[in-house]
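Letters A, B, ... mirror the listed sequences (proteins, then strands); counts begin at 1. Given the structure is predicted, the values throughout are model-derived calculations rather than measurements.
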There are 4 protein chains.
Amino acid sequence: MGGSSFGVLFKAATFGESHGPASGCVVDGCPAGLALDIEDIRHDLARRRPGGGGPATSRSEADEPEILSGVFEGKTLGSPIAILVRNKNQRPSDYDNLKDLYRPGHADWPWEAKYGFRDHRGGGRSSARETLGRVAAGAIARVFLSSLNIEIIAWTSSAAGIDGPGPGDPSFNWDEIENNPLRMGGKAAAAQAMEKIEALRQAGDSSGCAVSCVARNLPPGLGEPVFDKLDARIAAAMLSLGAAKAVEFGAGSSAAKSQGSVLNDRPMPAPGLFPDLPGGVPSVSWKTNNAGGVLGGLSTGMDLCFTVSFKPISSILQKQETVNRQGKAAELLIQGRHDICVGPRAVPVVEAMTALVLADLILLQRCALV
Amino acid sequence: MGGSSFGVLFKAATFGESHGPASGCVVDGCPAGLALDIEDIRHDLARRRPGGGGPATSRSEADEPEILSGVFEGKTLGSPIAILVRNKNQRPSDYDNLKDLYRPGHADWPWEAKYGFRDHRGGGRSSARETLGRVAAGAIARVFLSSLNIEIIAWTSSAAGIDGPGPGDPSFNWDEIENNPLRMGGKAAAAQAMEKIEALRQAGDSSGCAVSCVARNLPPGLGEPVFDKLDARIAAAMLSLGAAKAVEFGAGSSAAKSQGSVLNDRPMPAPGLFPDLPGGVPSVSWKTNNAGGVLGGLSTGMDLCFTVSFKPISSILQKQETVNRQGKAAELLIQGRHDICVGPRAVPVVEAMTALVLADLILLQRCALV
Amino acid sequence: MGGSSFGVLFKAATFGESHGPASGCVVDGCPAGLALDIEDIRHDLARRRPGGGGPATSRSEADEPEILSGVFEGKTLGSPIAILVRNKNQRPSDYDNLKDLYRPGHADWPWEAKYGFRDHRGGGRSSARETLGRVAAGAIARVFLSSLNIEIIAWTSSAAGIDGPGPGDPSFNWDEIENNPLRMGGKAAAAQAMEKIEALRQAGDSSGCAVSCVARNLPPGLGEPVFDKLDARIAAAMLSLGAAKAVEFGAGSSAAKSQGSVLNDRPMPAPGLFPDLPGGVPSVSWKTNNAGGVLGGLSTGMDLCFTVSFKPISSILQKQETVNRQGKAAELLIQGRHDICVGPRAVPVVEAMTALVLADLILLQRCALV
Amino acid sequence: MGGSSFGVLFKAATFGESHGPASGCVVDGCPAGLALDIEDIRHDLARRRPGGGGPATSRSEADEPEILSGVFEGKTLGSPIAILVRNKNQRPSDYDNLKDLYRPGHADWPWEAKYGFRDHRGGGRSSARETLGRVAAGAIARVFLSSLNIEIIAWTSSAAGIDGPGPGDPSFNWDEIENNPLRMGGKAAAAQAMEKIEALRQAGDSSGCAVSCVARNLPPGLGEPVFDKLDARIAAAMLSLGAAKAVEFGAGSSAAKSQGSVLNDRPMPAPGLFPDLPGGVPSVSWKTNNAGGVLGGLSTGMDLCFTVSFKPISSILQKQETVNRQGKAAELLIQGRHDICVGPRAVPVVEAMTALVLADLILLQRCALV
């Protein structure tokens with residue numbers, strides 16, 4: 001119970017079922033005095049919104065946010081910031097045929113096994129629409145982080161079996177990300193992946209994908225040993241996303257096949273890089289970043305880098321075998337509006353969750369020293 | 001701050017620096033009336049202990065636990081259970097030469113960047129010895145889970161580049177795990193990997209590895225949407241381990257390259273399998289377990305399956321370039337006792353952290369229904 | 001930061017400034033399957049609402065609640081329940097003259113000393129309107145408790161210097177409470193106190209008061225030693241109310257002047273009173289209830305009884321000396337709508353907070369035993 | 001479950017049964033770099049220790065603390081600080097006759113009603129010895145607060161029906177507190193009360209008392225609206241103490257009988273008093289301190305003042321009627337070592353809990369502003 005609350009100091013509580021009256025969040029713990037504009041929230045919600053073409057569902061909603069509290073004359077008050085978004089485009093009757101069937105790959109049955117019944121309309125609370133509250137909360141965290149010059153950028157690094165380029169690759173372009181419907185970092189890879197996705201759409205099938213994320217300008221030492229380490233908190237945030245199946249930091253799972261002599265990141269003198277370290281600790285930079293910016297659960301001053309793998313959308317438009325509410329074998333044919341690949345819409349959600357984790361750890365870091 | 005506390009209801013607070021007086025834990029929230037014997041804790045601590053030969057350090061300590069509170073006449077009282085283990089085999093002078101050097105791949109520098117100074121003796125709090133408190137706490141969780149028939153087994157699934165067999169593979173044998181120094185599930189693979197590890201030892205190098213884990217007989221519905229999902233909590237627990245770089249559930253990162261038609265786990269009628277589901281929800285089993293036993297963050301009734309990738313031990317015995325406390329380039333030659341591959345000693349730690357997560361979620365599950 | 005979240009399992013996050021767009025709450029952790037009707041919430045909000053005549057402000061708002069999430073077909077889903085109430089009757093210009101003045105007895109200056117600025121309109125977050133979210137959340141807790149037959153009743157036990165009767169006194173009548181504008185338990189005392197209050201109103205002054213509360217049918221053993229004891233949790237809940245200055249349980253502060261031979265509550269055999277005690281523990285009742293229903297922080301099975309003392313409303317209509325934003329001595333004359341005595345409106349708030357504490361402890365109690 | 005953990009950032013977990021092997025605490029969240037000496041802890045433990053004559057039990061233990069972790073070269077590391085105290089003077093056989101009897105006024109029966117059984121030796125976890133862990137943890141908090149110039153002093157303000165003087169009274173003397181066995185602030189009152197206590201001891205009876213506490217030099221704005229207000233947190237801390245029945249701030253329950261025109265504390269210009277207020281907020285002092293140093297749950301810059309009322313020790317040496325484990329009426333005659341009045345030993349515990357609350361709020365305050 002109570003699993004919809006996130007964070008220790010920068011806290012977000014989200015709410016909303018896919019086809020209920022509204023979705024949103026309450027952010028409790030945002031420091032006072034932060035300039036916050038509704039446009040900051042609207043922008044990220046728009047990026048999360050379906051209907052942009054490409055691999056996403058055609059359900060289109062304005063997702064217009066309203067700030068209900070916590071902001072006065074354009075600045076945060078230190079009190080809870082509630083954000084409300086009405087669910088406008090509900091077509092619950094689309095889901096009538098799913099009422100008594102458990103969709104393969106979905107949480108339908110586990111949810112009922114836990115709670116005894118469920119809101120079957122579009123997945124209820126376990127719908128992708130649930131991420132709306134996360135993105136609204138994350139947008140506030142992001143404004144806070146921006147005030148500290150911290151930047152978070154995610155992109156689709158793999159879709160429909162096509163691996164896109166990453167930072168450092170010649171075909172990678174930061175500006176490309178928001179320019180193609182898959183939010184990949186390379187034009188050609190995106191086009192190739194879109195072709196494959198179109199074929200999957202024709203076949204009523206869906207595709208897995210990976211989303212990579214970089215956070216820049218983190219102060220060193222971020223993270224709270226031994227359980228609330230930076231990577232532990234990010235990992236929890238990422239695996240809390242609907243279709244996430246794996247998270248990897250830096251060299252990731254390939255580290256399991258490597259040697260210390262190859263993988264060890266080595267510090268190099270970097271006088272003045274971090275001018276405010278406590279106790280006269282000297283600045284360093286690192287020759288490599290195999291660690292993905294985190295050692296011993298603490299940020300190293302390098303970019304935080306990680307990748308999340310998502311399974312294919314479970315709602316495919318092919319006939320599937322399942323079980324009905326009476327416990328009998330049954331056939332299911334899903335209809336309605338569904339994404340084919342979660343990648344592009346997951347990008348702002350991955351960023352939002354990263355922002356929530358980092359904002360929380362930034363505040364916790366304030367308590368590290370006497 | 002305060003990152004050494006874990007869990008919402010079944011809470012563990014661990015303490016101890018590698019070469020300080022003692023290590024241990026306080027478990028607050030273990031239900032009353034559980035039969036708990038010191039032998040339960042001693043057993044898992046012995047499995048975590050170095051010195052068993054193979055790829056582990058030769059530092060050998062009895063790690064004798066003492067129960068300080070919370071148990072009366074062999075049963076838990078409902079009050080906090082404190083476990084104490086004295087650190088007996090300290091040789092802090094081994095570390096004198098590391099005092100002013102930041103070891104590559106270690107948390108030395110990030111720790112100082114956060115706290116201004118550090119206990120340099122064996123890594124202090126960021127030593128692998130820190131896991132002792134986790135294992136002691138996890139042993140208690142495990143006794144609780146055993147009373148519910150829940151079983152957790154981990155093994156080294158890959159070491160020194162050699163992938164061992166997994167459940168279902170003909171060469172896999174559950175009984176083999178505790179019979180070879182790597183805790184792999186197959187004799188031949190273990191022998192092969194040990195050979196490679198021996199070569200690495202000669203070279204003063206170290207090896208990455210992967211540890212896989214299965215938890216059986218979980219009740220369906222375990223996990224708390226949307227942030228405290230089963231996989232989110234496990235992911236946090238695993239990435240909180242020193243050298244962990246990735247965690248994957250079920251099909252893991254390969255899901256990113258798959259299609260819904262292939263990957264969707266389909267429910268099948270299974271009358272009577274889960275007799276106590278609320279609201280008359282029918283029992284199901286699943287044709288496949290690509291999800292690794294978790295859908296929408298809730299357990300499905302199938303085995304929970306995940307794999308953690310660990311980077312190679314950072315303490316290699318080769319000369320390395322680094323930076324000293326004065327911020328100057330320096331050379332480092334690590335000596336002393338060090339594991340080469342974290343795998344076999346990580347196995348009981350992975351189990352312990354899994355037990356702590358599951359015990360917590362089992363208690364939270366008690367609050368799901370009116 | 002983050003102080004607007006309450007509870008461990010049955011969690012309430014409230015939001016809203018007095019003259020912002022809306023107030024409300026998100027309840028995260030209400031068990032699934034509870035029949036919940038908007039009327040349950042509306043009823044308690046109406047009791048909290050000003051404008052009922054008597055000692056309360058004449059600001060009158062419909063305070064119409066809307067359930068935004070967490071309820072499906074009349075039953076709680078197990079997901080967060082968000083409640084929204086629009087602030088309709090804002091007259092922020094009433095407060096223009098207070099913008100640069102710190103009101104005596106109010107949080108104006110401490111709030112600015114913490115956050116650097118404040119929403120001066122009606123006290124912003126530190127307005128009595130803040131309790132609206134508490135009452136909405138408490139109403140849900142109350143429905144949950146009702147399903148367990150637990151009943152909570154509060155009343156004004158003292159106002160304007162007049163002590164009203166309490167349970168056991170001949171002039172006390174449970175049905176009288178909601179029948180007089182002060183919510184006192186005796187008609188005569190209420191009339192007498194109203195007279196005094198009218199005189200205070202004429203003088204532009206205000207009055208302190210006390211509110212007493214009883215919770216019945218609590219299971220024994222409720223409370224979590226040693227910090228989350230029943231009385232500790234209630235005490236925190238009560239002192240979190242705007243004008244509360246004291247809380248007393250059972251004999252309260254008079255216990256400090258008593259002897260053990262007088263005050264010790266003695267158990268008496270009461271076979272069958274609590275049929276489901278664990279471990280074959282026998283039922284008892286108690287000869288007296290000087291403890292107010294709590295021993296060692298655990299409920300005894302007797303009524304939980306406590307009294308909260310409230311200071312007089314700080315917004316008096318007399319000229320007062322203070323300091324302005326420039327740090328200079330200044331005169332203040334408060335105008336607008338203000339309660340004279342917080343008693344009657346505090347009654348539903350005391351009940352709501354009690355309900356939130358008890359709902360949380362009821363859930364925690366589910367984890368006491370293996 | 002899990003009620004033995006206290007605090008959000010400056011966290012204390014305590015453990016230990018009265019006659020188990022040991023008592024102690026783990027403090028997780030103490031900032032790094034604090035000079036901490038074992039003597040700091042020993043000093044407060046000695047003040048808590050029984051056997052000093054006067055109204056306390058004659059059970060005398062050295063209560064020698066050991067720091068197990070978290071301190072290196074005399075400074076806190078930022079990692080958990082575990083403190084261990086062996087229980088040396090156990091005489092569990094003293095309690096054999098209580099095994100099957102529920103002591104009036106004690107938690108014996110409620111504890112069994114919750115957990116099914118109990119450690120009957122000296123009250124087990126619900127013994128006054130439980131406060132040892134609190135005092136050890138509080139001693140650390142106190143060192144932290146001292147580094148900020150914050151001072152906490154408590155004294156017995158009433159005992160055996162004799163009200164002692166308070167600050168401002170001519171007969172009150174800060175230095176007197178630690179000079180008389182009751183820890184009262186006036187010599188004459190202490191002597192008078194001791195006489196009454198001696199009479200109670202002769203009669204096998206016990207006495208209630210009150211302890212008052214002042215905390216000085218708090219920064220303004222301390223406390224987290226709306227649930228973690230300064231007074232709410234203190235109230236919870238105080239009512240978590242074994243025999244506490246009431247807590248009052250400033251004017252306390254007498255505020256209920258007062259008027260706003262009398263009770264309102266008025267700010268006065270005080271240029272430079274608090275030089276670092278955010279947003280250019282001017283310094284103020286207050287003409288009176290009826291609020292006890294807290295308005296709207298935030299510290300005002302005046303002394304925090306509160307009083308806790310304790311019931312008489314429940315273990316009286318007179319024959320009492322009760323119930324036995326078989327549910328039958330029975331007679332009880334308590335023997336052994338027991339305090340007569342909790343006052344003097346409660347003084348360091350009240351201070352310790354106050355320190356824990358303030359240390360936590362000081363850290364939380366660091367997150368108030370961008």
Side-chain angles (χ1 to χ4, degrees), chain B residues 1-5 7-33 66-73 75-87 111-112 114-121 124-126 130 133 360 363, chain D residues 1-5 7-33 66-73 75-87 111-112 114-121 124-126 130 133 360 363:
Chain B
M1 307 303 304
S4 287
S5 308
V8 177
L9 291 175
F10 197 105
K11 292 192 245 190
T14 68
F15 62 87
E17 279 73 49
S18 179
H19 289 72
S23 296
C25 67
V26 177
V27 170
D28 189 16
C30 181
E66 183 187 9
I67 297 177
L68 299 178
S69 66
V71 178
F72 180 59
E73 299 182 342
K75 284 194 299 180
T76 57
L77 275 166
S79 52
I81 305 167
I83 312 266
L84 174 76
V85 177
R86 293 277 169 188
N87 293 333
W111 185 280
E112 283 203 7
K114 185 183 190 80
Y115 296 116
F117 80 124
R118 69 189 156 109
D119 179 354
H120 66 278
R121 303 165 306 165
R125 181 70 179 151
S126 60
E130 168 264 310
D360 203 27
L363 292 181
Chain D
M1 308 303 305
S4 287
S5 309
V8 177
L9 291 175
F10 197 104
K11 292 192 245 190
T14 67
F15 62 88
E17 280 73 48
S18 179
H19 289 71
S23 295
C25 67
V26 178
V27 169
D28 189 15
C30 181
E66 183 187 7
I67 298 176
L68 299 178
S69 65
V71 178
F72 179 59
E73 299 182 343
K75 284 194 299 180
T76 57
L77 277 166
S79 53
I81 305 167
I83 312 267
L84 174 76
V85 177
R86 293 277 169 189
N87 294 332
W111 185 280
E112 283 203 5
K114 184 182 191 83
Y115 296 116
F117 80 123
R118 70 187 156 109
D119 179 352
H120 65 278
R121 302 165 306 167
R125 181 69 179 152
S126 60
E130 168 264 310
D360 204 27
L363 292 181

*Report the residues that fulfil side-chain contact (heavy atoms from CB on, under 4.5 Å) with S5(D), sequence neighbours left out, ordered by chain and then residue number.*
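Here the qualifying residues are K11(B), D28(B), A13(D).
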
*Y115(B) versus A32(D), closest heavy-atom pair with distance*: CD2-CB, 3.5 Å

_Just so I understand: if I count every heavy-atom pair under 4.5 Å between each of A82(B), P80(B), G116(B) and chain D, which residue has the most?_
P80(B)

*Do E73(B) and F117(D) come within less than 4.5 Å of each other through their side chains, counting heavy atoms only?*
no

*Side-chain contact test, heavy atoms from C-beta onward, threshold under 4.5 Å: evaluate it for L77(B) versus E17(D) and give yes or no.*
yes

*Under 4.5 Å from a heavy atom of chain D, the part of S23(B) involved*: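 Contact with chain D: none, neither part.
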
*Can you tell which part of I81(B) gets under 4.5 Å to a heavy atom of chain D, answering side chain, backbone, both or neither?*
neither

*Output the distance between atom CZ (F15(B)) and atom CD1 (I67(D)), rounded to the nearest 0.5 Å.*
13.0 Å

*Non-neighbouring partners of E112(B) that pass side chain to side chain donor-acceptor pair (under 3.5 Å), sequence neighbours left out*: Y102(B), R118(B), R325(B)

